[in-house]
Asker: 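Take a look at the following structure, please.
Basis for what follows: all heavy atoms, side chains included, without hydrogens, waters or symmetry-related copies.
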Amino acid sequence: MKILMVNKFLYPNGGSETYIFELGKKLHEMGHEVQYFGMEHEGRIVGNHAESYTANMDFHSTKLQKILYPFKIIYSHEARKKIRPVLDDFAPDVVHLNNINFQITPSILYEIKAYEKQNKRSVRIVCTAHDYQWVCPNHMMMIPSDGTLCFACRGGRFGACTKNRCIHNSRIRSLLGSLEAFYYKNRRTYALVDTVICPSEFMKKQLDTSPVLAKKTLMLHNFVTPPDTEEETGAWETIKKRLPERYVLYFGRFSEEKGVRTLLKVCKNMTNVSFVFAGTGPLTEEVSRVSNIRNAGFVRGKALKELIAGAAFSLYPSEWYENCPFSVMESQMYGTPMIASSLGGIPELLSDGVTGELFEAGNAAQLQEKIARLWDHPEICQKYRENCKNIKFDTIEEYCGKIIKQAYQS
């Protein structure tokens with residue numbers, strides 16, 4: 001089978017890139033041919049034989065380009081033009097869309113359909129939804145200015161995005177987001193997609209509010225890939241020397257929507273507890289100023305596995321509708337119980353009172369109470385730790401098998 005992976009970034013940049021690289025690698029190992037389409041970039045690590053990519057869009061470039069960007073991010077004629085040589089050369093059986101918003105745009109769906117018609121052959125279009133963009137113009141179902149969780153745009157009422165300045169707290173950018181959403185809704189563009197893979201039941205429920213998507217969604221929790229055991233151990237040995245004997249771990253992005261500001265308030269009140277934070281983000285300086293937090297910085301691979309496995313328990317206090325966070329799966333996979341907020345897809349991954357505990361997002365008092373309880377009662381953590389041994393998430397092999405049967409061949 002020939003599979004064309006489409007993603008705006010073709011270099012390591014975030015979750016969707018990790019997803020397409022791991023998925024593409026495993027599909028190739030299984031005997032399928034995989035190529036990639038997206039933006040050209042000096043850091044690009046995958047590509048296509050036609051060597052056709054869109055230009056790298058720099059949102060901090062010349063005034064003329066900035067004037068043109070509002071039109072390009074809604075509908076990209078360049079992306080339509082550049083994907084065609086790839087389709088003609090590769091002749092894919094499946095086009096698997098991922099993060100295409102702004103730089104690529106859904107305009108490429110029309111070129112795929114034009115290619116089908118002109119070549120009298122069927123191409124299956126599959127999309128993995130990495131966020132809520134198709135039902136919420138700012139992708140997060142949250143009003144960023146005050147952190148309010150929001151369902152106002154569901155059902156196609158996208159004007160709420162402009163009213164609430166949901167995109168970068170800017171009226172103009174929010175208006176563009178609303179216009180884009182209305183444009184593709186009115187053209188029923190997303191009806192051209194055959195299957196939408198939703199990494200959580202919560203995500204599926206949100207996308208099912210769109211009439212054109214309701215019968216196309218497929219829920220598949222993300223896969224978990226163990227780190228490379230052959231990776232050099234120097235990084236872990238360096239980190240290990242700076243760790244307290246017993247600690248509570250937060251690993252992930254240091255940002256508001258991840259609940260880090262709420263967590264920092266709790267940490268300041270619990271001077272008897274040793275916390276370790278691993279990651280980076282806008283709140284890095286604030287993290288580093290709390291006396292009972294040791295900031296390990298960005299940690300990955302085997303060092304991250306050891307850091308997670310060595311924690312008394314971990315924390316995931318997110319305050320937005322998380323989809324299928326790898327952190328929640330990884331913690332349990334490495335045998336570490338977790339306290340996490342009960343938003344979005346998180347409750348689908350963590351069994352409350354079995355492999356960890358859930359709390360009300362943003363409720364600092366409740367979070368502090370649960371941390372204190374587990375810190376003071378290691379026997380509870382041990383019970384949860386034993387239960388973690390029985391939890392099972394899909395490996396990349398199992399996940400690929402499901403995608404092929406349920407999405408690529410349906």
Side-chain angles (χ1 to χ4, degrees), residues 1-59 61 65 68-69 71-130 133 184 189-190 192-197 396 400 403-404 407-409:
M1 186 180 298
K2 293 182 176 182
I3 302 148
L4 179 63
M5 289 282 178
V6 180
N7 194 69
K8 59 185 181 182
F9 302 122
L10 300 181
Y11 58 91
N13 185 68
S16 64
E17 289 73 48
T18 299
Y19 175 87
I20 66 166
F21 298 150
E22 292 289 340
L23 188 60
K25 178 182 177 182
K26 181 52 62 175
L27 288 167
H28 176 74
E29 291 174 359
M30 294 170 70
H32 303 286
E33 189 175 351
V34 183
Q35 293 188 27
Y36 301 80
F37 175 75
M39 289 193 301
E40 183 58 283
H41 186 273
E42 60 183 9
R44 180 173 59 81
I45 62 172
V46 292
N48 56 73
H49 294 163
E51 291 294 330
S52 183
Y53 313 96
T54 65
N56 183 30
M57 288 184 70
D58 178 6
F59 290 100
S61 55
Q65 288 176 317
L68 296 175
Y69 277 161
F71 304 97
K72 289 184 176 181
I73 66 175
I74 292 176
Y75 188 99
S76 174
H77 290 281
E78 182 195 17
R80 278 200 67 166
K81 179 180 178 181
K82 291 296 181 70
I83 198 173
R84 186 52 184 261
V86 184
L87 297 172
D88 289 334
D89 175 74
F90 187 39
D93 302 299
V94 176
V95 174
H96 189 153
L97 309 177
N98 288 273
N99 188 0
I100 63 171
N101 300 304
F102 303 135
Q103 285 89 340
I104 303 297
T105 80
S107 63
I108 61 172
L109 290 167
Y110 294 104
E111 195 59 37
I112 297 168
K113 287 300 176 181
Y115 168 82
E116 277 188 313
K117 183 176 180 180
Q118 292 167 15
N119 290 273
K120 295 182 173 59
R121 63 185 304 272
S122 177
V123 178
R124 189 161 184 84
I125 303 175
V126 174
C127 176
T128 295
H130 295 278
Q133 197 274 337
Y184 288 114
T189 303
Y190 300 130
L192 301 177
V193 176
D194 295 297
T195 302
V196 182
I197 299 169
I396 182 66
C400 283
I403 277 192
I404 291 169
Y408 290 175
Q409 297 178 341

Asker: Do the non-hydrogen side-chain atoms of S76 and Q103 ever get within less than 4.5 Å of each other?
Answerer: no
Asker: Do I197 and V126 come within less than 4.5 Å of each other through their side chains, counting heavy atoms only?
Answerer: yes
Asker: Please check if the side chain of Y53 supplies one atom and the backbone of N48 the other of a donor-acceptor pair under 3.5 Å.
Answerer: yes
Asker: Return yes if a side-chain donor-acceptor contact under 3.5 Å exists between H77 and S107, otherwise no.
Answerer: no
Asker: Give, for atom CG of L23 and atom OG of S16, the distance between the pair rounded to the nearest 0.5 Å.
Answerer: 12.0 Å
Asker: Can any side-chain N or O of N99 pair as donor or acceptor with the backbone N or O of K8 at less than 3.5 Å?
Answerer: no
Asker: What is the minimum heavy-atom distance between L10 and G38, and which atoms define it?
Answerer: CD1-N, 3.5 Å
Asker: Apply side chain to side chain donor-acceptor pair (under 3.5 Å) to S52 and list each qualifying residue two or more places apart in sequence or on a separate chain.
Answerer: none
Asker: Quick one: do E116 and K113 make a salt bridge, cutoff under 4.0 Å?
Answerer: yes
Asker: Apply the test salt bridge (charged side-chain N to carboxylate O under 4.0 Å, His left out) to residues E22 and K25: give CA-CA distance (whole Å), side-chain angles for both, the deciding distance (0.1 Å), then the verdict.
Answerer: CA-CA 5 Å; E22 292 289 340; K25 178 182 177 182; 5.6 Å; no
Asker: Quick one: closest heavy-atom pair of V34 and H28, and the distance?
Answerer: CG2-N, 4.2 Å
Asker: Mind checking the CZ-CD1 spacing from R84 to I108? Nearest 0.5 Å is all I need.
Answerer: 13.5 Å
Asker: T54 vs I104, test: side-chain contact (heavy atoms from CB on, under 4.5 Å). Steps then yes/no.
Answerer: CA-CA 8 Å; T54 65; I104 303 297; 3.9 Å; yes
Asker: Please name all residues satisfying ring pair (Phe, Tyr, Trp, His ring centres under 6.0 Å) with Y11, sequence neighbours left out, ordered by chain then number.
Answerer: F9, H41
Asker: Would you find more than 12 non-hydrogen atoms of other residues, nucleotides or ligands less than 6.0 Å from K81 atom NZ?
Answerer: no
Asker: Output all residues satisfying salt bridge (charged side-chain N to carboxylate O under 4.0 Å, His left out) with K82, sequence neighbours left out; order by chain, then residue number.
Answerer: E78
Asker: Indicate yes or no: does E40 engage R44 in a salt bridge with an N to O separation below 4.0 Å.
Answerer: yes
Asker: What's the separation between atom CD1 in I45 and atom CZ in F21, rounded to the nearest 0.5 Å?
Answerer: 4.0 Å
Asker: For the atom pair OH (Y110) and CZ (R80), what is the distance rounded to the nearest 0.5 Å?
Answerer: 8.5 Å
Asker: Answer whether the closest heavy-atom distance between the side chains of I125 and L97 falls below 4.5 Å.
Answerer: yes
Asker: Which heavy atom of I74 sits nearest a heavy atom of T105, and at what distance?
Answerer: O-CB, 3.8 Å
Asker: Quick check for you: to the nearest 0.5 Å, what is the distance between I83 atom CD1 and D88 atom CG?
Answerer: 10.5 Å
Asker: Using a 4.5 Å cut-off on heavy atoms from C-beta on, say whether the side chain of L4 contacts that of Y36.
Answerer: no
Asker: So, do V95 and L109 sit near enough that their side-chain heavy atoms are less than 4.5 Å apart?
Answerer: no
Asker: Heavy atoms, side chains only, cut-off 4.5 Å: are V193 and V196 in contact?
Answerer: yes
Asker: How long is the span from the NE2 atom in H130 to the CG atom in N98, to the nearest 0.5 Å?
Answerer: 3.5 Å
Asker: May I ask you to decide if A407's main-chain N or O and R124's side chain share a donor-acceptor pair within less than 3.5 Å?
Answerer: yes
Asker: A side-chain contact here means heavy atoms from C-beta on lying under 4.5 Å apart; do M5 and N7 qualify?
Answerer: no
Asker: Side chains of H49 and Q35: do they bring a donor and an acceptor to under 3.5 Å?
Answerer: yes
Asker: Looking only at atom types and distance, does a side-chain atom of R121 sit under 3.5 Å from a main-chain N or O of P92, one as donor and one as acceptor?
Answerer: yes
Asker: Step by step, would you call H96 with V6 a side-chain contact (heavy atoms from CB on, under 4.5 Å)?
Answerer: CA-CA 6 Å; H96 189 153; V6 180; over 6 Å; no
Asker: Could you tell me if T195 and Y408 have a donor-acceptor pair between their side chains, going purely by distance under 3.5 Å?
Answerer: no
Asker: Classify the ring geometry between Y75 and Y184 as parallel (under 30°), tilted (30 to 60°) or perpendicular (over 60°).
Answerer: parallel
Asker: I want to check something: taking the side chain as every heavy atom from C-beta on, are L27 and I404 in contact at a cut-off of under 4.5 Å?
Answerer: yes
